[in-house]
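Notes for the one structure printed next.
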Amino acid sequence: MSRGLTQTDVARQLGISTQAVSKLENNAARVSFDRIHRLCQVLGLELLLQEKSAMNLRDAGAPEW
């Protein structure tokens with residue numbers, strides 16, 4: 001929403017259905033790294049990676065993509 005895009009806009013740019021975008025938003029589906037990378041591009045976000053050992057312990061329960 002902050003980018004002025006609807007689910008339909010994002011879905012079109014990713015080449016997926018609006019239902020698939022909804023599942024991404026709700027963390028209801030497994031997603032490939034390529035799709036996450038493309039989603040970041042569509043949303044104008046920078047994707048940063050770091051070593052798992054460097055992650056904060058509070059993130060340990062976060063889902064793995």
Side-chain angles (χ1 to χ4, degrees):
M1 289 195 304
S2 66
R3 301 275 191 247
L5 299 170
T6 65
Q7 281 186 341
T8 302
D9 296 330
V10 173
R12 282 188 187 131
Q13 291 187 49
L14 292 175
I16 62 176
S17 69
T18 54
Q19 292 84 1
V21 172
S22 178
K23 287 181 180 181
L24 289 173
E25 288 180 335
N26 293 300
N27 201 25
R30 294 186 65 87
V31 61
S32 69
F33 178 81
D34 289 336
R35 177 140 312 147
I36 292 295
H37 182 250
R38 180 69 183 125
L39 180 60
C40 287
Q41 291 176 323
V42 167
L43 297 177
L45 302 173
E46 183 177 15
L47 180 63
L48 300 174
L49 302 176
Q50 65 184 28
E51 290 183 41
K52 191 171 186 173
S53 62
M55 292 176 66
N56 189 321
L57 290 178
R58 69 181 172 83
D59 294 333
E64 301 227 1
W65 296 342

Give, for atom [atom1] of [X] and atom [atom2] of [Y], the distance between the pair rounded to the nearest 0.5 Å.
{"X": "Lys23", "Y": "Thr18", "atom1": "NZ", "atom2": "OG1", "answer": "11.0 Å"}
{"X": "Leu24", "Y": "Gln7", "atom1": "CG", "atom2": "CD", "answer": "9.5 Å"}
{"X": "Leu14", "Y": "Gln41", "atom1": "CG", "atom2": "CD", "answer": "9.5 Å"}

> Where do Leu39 and Val31 land on the side chain to side chain contact (heavy atoms under 4.5 Å, CB included) test, with the steps shown first?
Replying inline: CA-CA 11 Å; Leu39 180 60; Val31 61; over 6 Å; no

> By side-chain contact (heavy atoms from CB on, under 4.5 Å), which residues pair with Gln19, not counting sequence neighbours?
Replying inline: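 With sequence neighbours excluded, Gln19 shows a side-chain contact (heavy atoms from CB on, under 4.5 Å) to Ser17, given in chain and number order.
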
> Who pairs with Leu5 by side-chain contact (heavy atoms from CB on, under 4.5 Å), at least two apart in sequence or on another chain?
Replying inline: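 Only Arg3, Asp9, Val10, Gln13, Val42, Leu43 meet the side-chain contact (heavy atoms from CB on, under 4.5 Å) criterion with Leu5.
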
> Does Leu48 share a hydrophobic cluster with Phe33, counting links as ILVMFWY side-chain heavy atoms below 4.5 Å and allowing steps through other members?
Replying inline: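 No.
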
>> Tell me which one of Ile16, Asn26, Thr6 satisfies side-chain contact (heavy atoms from CB on, under 4.5 Å) with Val21.
In response: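 Going through the options one by one, the only one that passes is Ile16.
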
